[in-house]
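Following: one structure in structure tokens, then a few remarks.
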Amino acid sequence: MAEATTAPAKRKLKWVGKRAPRPDGVDKVTGRAKFGADLFMSGQLVGKVLRSTLPHARIKSIDISKALALPGVKAIVTRDDFQDMASEFVPAGEMMINYKDVVRNIMAREKVLYEGHPVAAVAATNAAVARQALKLIKVEYEVLPHVIDVDEAMKPGAPLLHEDMITQGVEPAPTKPSNVAKRVQFAVGDIEAGFKKADVIVEREYHTQPVHQGYIEPHACIASVSEDGQADLWVTTQGHYVVRAHCARLLGWDISKLRVTASEIGGGFGGKTVVYLEPVALALAKKAQRPVKMVMTREEVFRASGPAPGAWVKVKIGATKDGRITAAEATMAYQAGAFQGSPVQMGCMCAFAPYDLENVKTVGFDVVTNRPKVAAYRAPGAPISEYAVECALDELADQLKIDPLDLRLKNAAKEGTRAVYGPKFGPIGMVETLEAAKNHAHYTAKLGPNQGRGVASGFWFNIGGETCASINVNEDGTVSLIIGTPDIGGSRASHAQMTAESLGIDLSKVRTIIADTSMLGYTFLTGGSRATFAGGMAANQAAGDVIKQLCSRAAKIWEIPEDAVAYEDGFVKPAGANAGKFPALSIADIAKKAGKTGGPIVGHAQINAQGAGPSLGTHIVDVEVDKETGRVSVLRYTVIQDAGKAVHPSYVEGQFQGGAVQGIGWALSEEYIYGADGRMQNAGFLDYRMPVASDVPMIDTVIVEVPNPRHPYGVRGIGETPIVPPMAAIANAIGHALGTRLYELPMSPPKVLKAIGQNEAKGQGRGH
Amino acid sequence: MSKHHVTTTINGDPVEYLCEVEQTLLDVLRDDLLMTGSKEGCASGDCGACSVTIDGRLVCSCLVLGVEAEGRRIETIEGMAKGDALHPLQQKFLDHAALQCGVCTPGFLVAAKSLLERNPNPTETEARYWLAGNLCRCTGYDKIIRAVLDAAAEMRRS
Ligand code: FES
Ligand code: FES
């Protein structure tokens, strides 16, 4: 299929790069936009979930008879309503899931494995009746010992979550089951030899706690199944095609029977790439033969939807006196939650990815514990391992008395560098972001007492994947762009901009619509920073298809050969020998006559987008530590990142800023806190403390543009990298403010106070 | 479970409804009046997505009972634009890209409007503290604060 243009990045761009109005903007500032919980259907029921209050127990029996007899209760589902599934791994966003586990996560079967694990679900005429019914369901449990901590879970003799779990990736295979699902390893060169060459070696251990994606909109959906088995699902999700696939599979339905519509989505950050309520709502709707709406409470979101893992990471880095790294090693264990599949593999792949190293080894363990199954959270896996590495690098710079940015520059990955996980990088912007950081006024600004500055870099791969787009040329020459990736933060705008650019028409003539699953072929989810990249690629190809058709229609109208016309800025002109013979035809002119020249003009593209380019970033942060309370204030923050090409700079900046502030929360205040009883103690926004407006300063941004040669507009994904550097940048800043370092997240006031106390006992306090 | 009859004013219009005693104003707005512009992010007063004003006072509608609206004046996001003219705050939120997913936006707009009614010339710090009851997980607040300050400046000019 013809590309609209092969190298538009080189020509003057009219729409790409502009801060264009956002098609869904007005609806979102007026309250008109419909999110997951905003749809009502005639005769709808309310669905509610009975959840385990125990972290680990065998289910002996479930008695629903009393609940079913309650007036107003229309359906109840339990494990008996879902077929068991064989072990089969499928991609879910950037992570893998196993259907055998998914069917157990949406509804407990043999055991409950975490507090919040669904045990039954009720559909009733209203919420009060549904809640009353939940109380009437009798579940008999055999309580089992639980394990919350990753180190405890790895010990021999720890309570086993899955009695048949044999660690994969170990030779010879262990004979006994354990909570370690998998060991992964990536290695190049010879680290022993590398460490021998080092003049200085830094070796440290870091700990992090689980953090929640924290989207403000809870999971929500409404399902309707008619008597003939045709089903509709309205849901807040990052990928409605993926939801359709999972639900059809879990329920044993034909995919064609189920139409899924993505509502507006109130944040996801990776957490809305998996299914929780959706198959349950469909099962209830089928049983009740009435629409069922299900909405999680905030508490349910915390207790039962995926956080990012907590972990430990051991890092060892050796370098020569002049700052060249000779060997680097990291070992890490990530909590997967109740089922295997933490993003530890990505943690291992990303740990040292920003650097060009000869001898590297990373080893990871995927460990199950009695916590909710983790889900993707922005650059899944990377923020944890890179936090550890970027902190260790900073200590190395201190010891070598080299500027931390210079140390990174000396070892930076470039075009042609081979990553530890195999491929050679194309053009990437690591050096450019480091240089921009060095030249930024922030880097040399004066600091006051108890203040410190930190820097850190970050890497994320970005992905492409299956993507469809259609462009309908309307009768008046305006166009509708139909795309299959839910718009989570302005992607409709950037898709419209790229389409207007490719077609050479005014942006106001393009309207972007997010298709439901029946309108367009399979399109992978919004995640992996792929929506603007892959959607733009597909839209550009669909535009190429439209242009081809426009040319052929014009040729028909003029009765000249198809190759004797040219397309330019929304007009078809006669070319070659015919140049100037006929007046140019606009899209509107051609569209008006489409009925006479072959019917409607529709461009399609269906691609598996390849060539996603990694995005690298470097952050600078200044903090002040209150030595009396241990409170850390972020005074100034600068994000510098390579966007390839910023299609809509405002939304690129927004991604940078939002990621940085999520990182500030991860670094300073957010964590899952568990009691000895295995129950989460802070399942609400009051106690799970995400940053509010008064906690943070303005977040300055610098957009670096090293174009991705494999994208028609040079686009890289940008959404995930921004959450990678903040934790280390802040830890390094605190380290410089205090003259002593912290090795555990979050760096909350009690931990900071403890570090100050230890430091003063050693008599090492210094300004910055 | 007999329902209570409530007579109130919402966005200037007289409204009557029946509600259970335990229903919050947010439940009534969303589930009974189908005014879904106000969002539920937490139901515990911690996120501000449900912000409305009652007799000009900013509240979390998830913490107010439906029966408490009796005889009061309720303003919601649905009443913010006048005709086809957006409120300056709404326009500035669009101009500054102060929303990504947009689910927090109604709450921020209602809260910011309430701020500017009291303090037409807030400092950045004042705006940040006034809006500290509204959570946004997408934007990092930068563009929201800029939009509010810019709207305040424009409203002072006109
Ligand atoms: S829903 Fe009312 S404050 Fe969160
Ligand atoms: S824009 Fe998504 S929560 Fe604020």
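We name chains A, B, ... by the order of the sequence lines, and we start the count at 1 in each one.
In this model, no donor atom of one side chain and acceptor atom of the other lie less than 3.5 Å apart for A:Asp687 and A:Gln681. Neither side chain, A:Ser263 nor A:Asp38, offers a donor N or O lying under 3.5 Å from an acceptor on the other. Using a 3.5 Å distance cut-off with no hydrogens or angles, the side chains of B:Asn121 and B:Glu126 do not pair a donor with an acceptor.
Among the candidates B:Cys104, B:Ala132, B:Ser38, the residue making the largest number of heavy-atom pairs closer than 4.5 Å to chain A is B:Ala132. Per-residue heavy-atom pair counts under 4.5 Å with chain B were compared for A:His648, A:Glu670, A:Glu299, and the maximum is reached by A:Glu670. Heavy-atom pairs under 4.5 Å with chain B peak, among A:Pro21, A:Ala693, A:Gly658, at A:Ala693. Among the candidates A:Val301, A:Val26, A:Thr30, the residue making the largest number of heavy-atom pairs closer than 4.5 Å to chain B is A:Thr30. In terms of non-hydrogen atom pairs under 4.5 Å with chain A, the most contact-rich of B:Leu99, B:Leu109, B:Ile144, B:Thr105 is B:Leu99. Contact count versus chain A (heavy atoms, under 4.5 Å) is highest, among B:His87, B:Glu40, B:Gln90, B:Glu78, for B:Gln90. Comparing A:Gln662, A:Arg22, A:Met698 by heavy-atom pairs within less than 4.5 Å of chain B, the highest count is held by A:Met698. The candidate with the highest count of non-hydrogen atom pairs below 4.5 Å against chain A, out of B:Glu124, B:Lys143, B:Met80, is B:Lys143. Of the listed residues (A:Arg32, A:Arg19, A:Gln657, A:Arg298), the greatest number of heavy-atom pairs within a distance under 4.5 Å of chain B belongs to A:Gln657. Counting heavy-atom pairs closer than 4.5 Å to chain A, the top-ranked of the candidates B:Arg137, B:Lys39, B:Met35, B:His96 is B:Arg137. In terms of heavy-atom pairs under 4.5 angstrom with chain B, the leader among A:Gly31, A:Ser694, A:Gly489 is A:Ser694. Of the listed residues (B:Gly45, B:Gly41, B:Gly37), the one with the most heavy-atom contacts under 4.5 Å to chain A is B:Gly41.
Look at B:Arg146 and B:Asp142 and you find a salt bridge, because one of the NZ, NE, NH1 or NH2 atoms lies within 4.0 Å of a carboxylate O, short of that distance. Between A:Glu624 and A:Arg631 there is no salt bridge, since none of the side-chain N atoms of the basic residue sits less than 4.0 Å from a carboxylate O of the acidic one.
No side-chain heavy atom of B:Thr24 sits less than 4.5 Å from a side-chain heavy atom of B:Leu63. Residues A:Tyr637 and A:Phe656 have side chains not in contact (no heavy-atom distance under 4.5 Å, counting atoms from C-beta outward). Put simply, the side chain of B:Thr36 reaches to within 4.5 Å of the side chain of A:Lys34, judged on heavy atoms. Counting heavy atoms from C-beta on, the side chains of B:Thr7 and B:Glu70 come closer than 4.5 Å. Residues B:Thr9 and B:Ile74 form no side-chain contact, since every pair of their non-hydrogen atoms from C-beta on lies 4.5 Å or further apart.
With a 4.5 Å cut-off on non-hydrogen atoms, B:Phe93 touches chain A through its side chain but not through its backbone. Both the backbone and the side chain of B:Asp31 come within contact range of chain A, judged by heavy atoms closer than 4.5 Å. The contact between A:Glu217 and chain B is made by backbone and side chain atoms together, counting heavy-atom distances below 4.5 Å. Heavy atoms of B:Ser44 lying under 4.5 Å from chain A are absent altogether. Contacts of A:Ile265 with chain B are made by backbone atoms alone, with heavy-atom separations under 4.5 Å and no side-chain atom involved. Of the atoms belonging to A:Pro697, it is backbone heavy atoms, and not side-chain ones, that fall under 4.5 Å from chain B. If you measure heavy-atom distances from B:Ala43 to chain A, you find no contacts under 4.5 Å at all. Residue contact with chain B, scored on non-hydrogen atoms closer than 4.5 Å, involves the backbone of A:Ala33 exclusively. Neither the backbone nor the side chain of A:Val295 comes within contact range of chain B, judged by heavy atoms closer than 4.5 Å. Using a 4.5 Å cut-off between heavy atoms, A:Gln213 contacts chain B through its backbone alone, with no side-chain atom that close. In this structure, chain B has no heavy atom under 4.5 Å from any part of A:Thr297. For A:Phe40, the part sitting under 4.5 Å from any heavy atom of chain B is the side chain, from C-beta outward, and nothing else.
Looking at every heavy atom in both residues, B:Leu89 comes nearest to B:Ala112 through CD1-C, 3.8 Å.
Within 6.0 Å of atom CZ in B:Arg156, more than 12 heavy atoms from other residues, nucleotides or ligands are found, so the atom counts as buried in its surroundings.
Of the possible polar contacts, none joining the A:Thr236 side chain to the A:Gly36 backbone as a donor-acceptor pair under 3.5 Å is found.
Ring pair A:Phe302/A:His212: centre-to-centre distance below 6.0 Å.
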